[in-house]
Engineer: 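Pasting a structure here, questions to come.
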Amino acid sequence: MERLSGDYYLYPGATDRALREYRAFLRPTGRRPLYPRVAQCSCRGCSFDDVRHARDVLDQVLRQLPPRPRAELVRRVRPLDAVYLERTLPDPFARQRQYRADLWWRRRLASGAEGG
Ligand SMILES: [Zn+2]
């Protein structure tokens with residue numbers, strides 16, 4: 001699927017990288033909230049510095065996979081989503097300032113300009 005995708009961000013290995021970056025973001029233990037960070041460069045490697053990009057990639061993959069592998073990936077992503085929701089804070093102004101605020105994982109407070 002990665003190979004057939006015409007999307008610049010969906011290259012062979014991108015799903016694996018996205019899963020690893022998502023897990024790495026959620027790894028710090030403790031109760032302190034986590035804040036996604038804007039990537040400094042928009043190339044397909046550096047974009048993964050922003051965990052929200054990793055989740056975007058997983059979203060794209062999930063939309064395009066056939067049912068069986070999709071179900072398999074959903075089983076891996078769902079527990080991470082639960083932790084993400086637990087460890088990040090809602091952004092009450094997401095509609096005004098977050099890119100693609102229609103995506104739930106982008107309606108969370110990020111670090112940087114928003115004071116996170
Ligand atoms: Zn780059």
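Counting from 1, the numbers follow the sequence of the chain as shown. Just follow the structure's listing: the first ligand is 1, and inside any ligand the first atom is 1.
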Engineer: Compare every heavy atom of Ser5 with every heavy atom of Gln64, then report the nearest pair and how far apart it is.
Structural biologist: OE1-CB, 4.3 Å

Engineer: If you look only at distance, which donor and acceptor atoms sit under 3.5 Å apart when one is on a side chain in residues 44-51 and the other is two or more places apart or in another chain?
Structural biologist:
from  : atom 1 : to    : atom 2 : distance (Å)
Arg44 : NH1    : Tyr8  : O      : 3.0
Ser47 : OG     : Ser42 : O      : 3.2
Ser47 : OG     : Cys43 : O      : 2.7
Asp50 : OD1    : Arg52 : N      : 2.9
Asp50 : OD1    : Arg52 : NE     : 2.9
Asp50 : OD2    : Arg52 : NE     : 3.3
Asp50 : OD2    : Arg52 : NH2    : 3.0

Engineer: Nearest 0.5 Å, please: how far is NE2 in His53 from CZ in Arg106?
Structural biologist: 9.0 Å

Engineer: For the Zn ion (ligand 1), how many protein N, O or S atoms come closer than 2.8 Å?
Structural biologist: 3

Engineer: Can you give each donor-acceptor pair under 3.5 Å made by side-chain atoms of residues 73-81, sequence neighbours left out, with the distance rounded to 0.1 Å?
Structural biologist:
from  : atom 1 : to    : atom 2 : distance (Å)
Asp81 : OD1    : Tyr22 : OH     : 2.6
Asp81 : OD1    : Arg55 : NE     : 2.8
Asp81 : OD2    : Arg55 : NH2    : 3.0

Engineer: The criterion is salt bridge (charged side-chain N to carboxylate O under 4.0 Å, His left out); which residues satisfy it with Asp59, sequence neighbours excluded?
Structural biologist: Arg63

Engineer: Decide yes or no for Arg108 and Asp91: does some side-chain heavy atom of the first lie under 4.5 Å from some side-chain heavy atom of the second?
Structural biologist: no

